[in-house]
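Take a look at the structure below.
What you are looking at is a predicted structure, and each value in this text was computed from that prediction instead of being measured. What's counted below: heavy atoms across the whole structure, side chains too, no hydrogens, waters or symmetry copies.
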Amino acid sequence: MREAYAQAAGLQGARELRETSLAEKPVNAECGSCAASCAEKLEKSHEVHTAHGVHEACGSHEDVTTIQTHVLSEVFGGGTAQPGGKLHDAAQPGGMLHDAHIHLNACANADELAEYAANQGIYVACVTRNAEEFHTARARFARYSGIDVGLGLHPWDITSKAAAEKLFAHFQSTLDASVIQHDAALHDGSPHTSPYNATQNAIQHNLTENATQHDSASCITPHNSSDYQRKQSMTLPQSSAPHNASTPRASTHVSPVQLIGEIGLDYAPAHREMRTLQQQVFSQVIKASCTYAQAINTRITLSMHAVKSCGDVLDILEHYQAFQHCACVFHWFSGSCDDLHRAVRNGAYFSVGTRMLHSKRTAEYLKLIPRASRLIETDFPHHDATIQPDEWRKTLETLAAALYE
């Protein structure tokens, strides 16, 4: 499967992306008509839910623990290919609380929370905003069990073309290095040449010879540009050079990247000006993530931000067949009822926090989302960067009761 990572053009989109965004449909104050419409649509697509296995557990006869354990295994356990991430390090399935979206590294008492989670058996999906933060957080939390750190590229940080280029280059090189490390681990850390590495070397040589035709200043171009796809998917920075006799052997104890997040699109007024650039970058992030998942033969997890942009996020996910290669999680879903129907039909998951439960629309939507498609999130920190461990647990338990009972 490593060859797949060296063939970006091999991913075939289901259709061309629409040139304009789907407008978020308004919902009336009580959400009644919207809920009724969604309920009818979701009922018709029930066979899609059951086809994904995990959605079989959405009946009322499943207890809270069974549902949480099942959905966690599906979303963060690497799917059926092989166990992945640190889910297996957390508590035994029996009392598995989880936080599927938390900026743990941004909490003032992050180490205290990490130790508490490890001792209490709470599984934690720590999302980050960029590759630099990912590396810092991963090193920081490596000694704690049950904490997966996500490789992020947050839409709020796409403030210019130059920023986008830098962010994506670091994102891509991190995945490149993870594939090489994965291959080395399969060979017990021994020097070798994999099909992925061989192709990387050939393309790196090609790009060097044609540098003037592939200038870095023009790297952020529409997702259907084959030159851009090839360059962004194939270029290896010096620090991520293919493994050889002089390169330190990769540790077999460090798992490859299993969680991608926080990523997505944000069309709120403060970020709308960068909308087109966000779409281009997000397209490349999803393509890179799908080819990466195939390369390591694991179903990875995507934790996604979609503000006033759910239609476009779904377009891009479908275009690159992300639902086939990834567990796609919508963090704080706020789309229209049509978007919800479409996401559930594709087998998406939804992480839900306390503030979402205060929304009438979310309350109606939760009636329509299978229980085994729901995850708990806090999105901490909010205003106070210091989170009291006992309060954190209380929040998770309250959410578990609201989402699964």
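For the pair Arg299/His325, no side-chain contact is recorded, criterion being any heavy-atom separation below 4.5 Å from C-beta on. In this structure, Gln120 and Arg393 have side chains that are in contact, with non-hydrogen atoms separated by less than 4.5 Å. In this structure the side chain of Tyr292 reaches within 4.5 angstrom of the side chain of Pro256, judged on heavy atoms. Counting heavy atoms from C-beta outward, Phe76 and Leu375 have side chains that approach closer than 4.5 Å. Put simply, the side chain of Asp390 reaches to within 4.5 Å of the side chain of Tyr116, judged on heavy atoms. Looking at Asn105 and Thr128, their side chains never come closer than 4.5 Å, going by heavy atoms from C-beta outward. Side-chain contact between Ile387 and Thr395 is absent, with no heavy atoms from C-beta onward closer than 4.5 Å. Side-chain atoms of Gln388 and Trp392, non-hydrogen and from C-beta on, never get closer than 4.5 Å to each other.
Ser336 and Asp339 are linked by a side-chain donor-acceptor pair at a separation below 3.5 angstrom, with hydrogens and angles left out of the test. In the model, His382 has a side-chain atom that pairs as donor or acceptor with a side-chain atom of Arg355 under 3.5 Å. Using modelled atom types and a 3.5 Å distance limit, the side chains of Glu133 and His103 yield no donor-acceptor pair. Side-chain polar atoms of Thr378 and Asp99 form a donor-acceptor pair below 3.5 angstrom. A side-chain donor-acceptor contact under 3.5 Å links Tyr267 and Gln279. Between the side chains of His170 and Asn130, no donor-acceptor pair is found at a separation under 3.5 Å. Judged by distance alone, the side chains of Gln278 and His271 never bring a donor and an acceptor atom under 3.5 Å apart. Counting only N and O atoms by type, the side chains of His135 and Thr174 include a donor and acceptor under 3.5 Å apart. For His101 and Ser351, the side-chain atoms include no donor-acceptor pair closer than 3.5 Å. Side-chain contact of Tyr123 with Asp148: a donor-acceptor pair under 3.5 Å is present, judged by distance alone.
Nearest heavy-atom pair across Ala164 and Ile158 is CB-CG2, 4.0 Å. Between Phe323 and Glu318 the shortest heavy-atom distance is CE1-CG, 4.3 Å. Closest non-hydrogen pair, Ala402 versus Leu357, comes out as CB-CD1, 3.8 Å. Closest heavy-atom contact between Phe171 and Gly152: CD1-O, 4.0 Å. The nearest pair of heavy atoms linking Ile296 to His182 is O-NE2, 3.6 Å. Between Cys126 and Leu259, the shortest heavy-atom distance links the atoms O-CD2, 4.2 Å.
A distance of 12.0 Å separates CD of Gln280 from CZ of Phe168, quoted to the nearest 0.5 Å. Annotation: the span from Leu151 atom CG to Ser178 atom OG amounts to 9.0 Å, rounded to 0.5 Å. Between the CD1 atom in Ile147 and the OG atom in Ser145 there is a gap of 7.5 Å [rounded to 0.5 Å]. Between the SG atom of Cys328 and the CG atom of Asn346 there is a distance of 8.0 Å, given to the nearest 0.5 Å. The distance from the SG atom of Cys310 to the CG atom of Leu265 is 9.5 Å, given to the nearest 0.5 Å. In this structure, the separation between CE on Met274 and CG on Asp266 is 12.5 Å, given to the nearest 0.5 Å.
Under a 3.5 Å cut-off, the side chain of Arg129 and the backbone N or O of Leu153 do not form any donor-acceptor pair. Counting only distance, with no hydrogens or angles, the side chain of Arg138 and the backbone of Val149 share no donor-acceptor pair below 3.5 Å. Using modelled atom types, one side-chain atom of Thr301 and one backbone atom of Val75 make a donor-acceptor pair closer than 3.5 Å. Counting only distance, with no hydrogens or angles, the side chain of Ser309 and the backbone of Asp312 share no donor-acceptor pair below 3.5 Å. Proximity of a side-chain donor or acceptor of Tyr349 to a complementary backbone N or O of His331 within less than 3.5 Å is not detected. Side chain of Arg371 to main chain of Leu403: no donor-acceptor pair is present (N/O by atom type, distance under 3.5 Å, no hydrogens or angles). Using modelled atom types, no side-chain atom of Thr136 and backbone atom of Phe134 make a donor-acceptor pair closer than 3.5 Å. Between the Thr398 side chain and the Lys394 main chain, a donor and an acceptor come within less than 3.5 Å of each other. Judged purely by atom type and a 3.5 angstrom limit, Ser303 has no side-chain atom pairing as donor or acceptor with the backbone of Glu262.
A salt bridge is defined here as a Lys NZ or Arg NE, NH1 or NH2 lying under 4.0 Å from an Asp or Glu carboxylate O, and Lys360 with Glu364 fails to meet this definition. The pair Arg143-Asp111 counts as a salt bridge, with a side-chain nitrogen and a carboxylate oxygen less than 4.0 angstrom apart. Using a 4.0 Å cut-off between a side-chain N of Lys or Arg and a carboxylate O of Asp or Glu, Asp315 and Arg342 qualify as a salt bridge.
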field: Step-by-step side-chain contact (heavy atoms from CB on, under 4.5 Å) determination, Ile376 to Val352
entry: CA-CA 5 Å; Ile376 300 166; Val352 180; over 6 Å; no
query: Yes or no on side-chain contact (heavy atoms from CB on, under 4.5 Å) for Leu175 and Ile260, after CA distance, side-chain angles and deciding distance?
result: CA-CA 10 Å; Leu175 291 187; Ile260 304 293; 4.1 Å; yes
Derivation of the side-chain contact (heavy atoms from CB on, under 4.5 Å) call for Val344 and Phe350: CA-CA 9 Å; Val344 173; Phe350 305 84; 3.7 Å; yes
- request: Evaluate the criterion side-chain contact (heavy atoms from CB on, under 4.5 Å) for residue pair Glu397 and Leu97; output intermediate values, then yes/no.
  value: CA-CA 7 Å; Glu397 289 175 338; Leu97 282 176; 3.6 Å; yes
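Crowding of Glu132 atom CD: a count of heavy atoms from other residues, nucleotides or ligands under 6.0 Å not exceeding 12.
Aromatic ring centroids of His305 and Trp156 lie under 6.0 Å apart.
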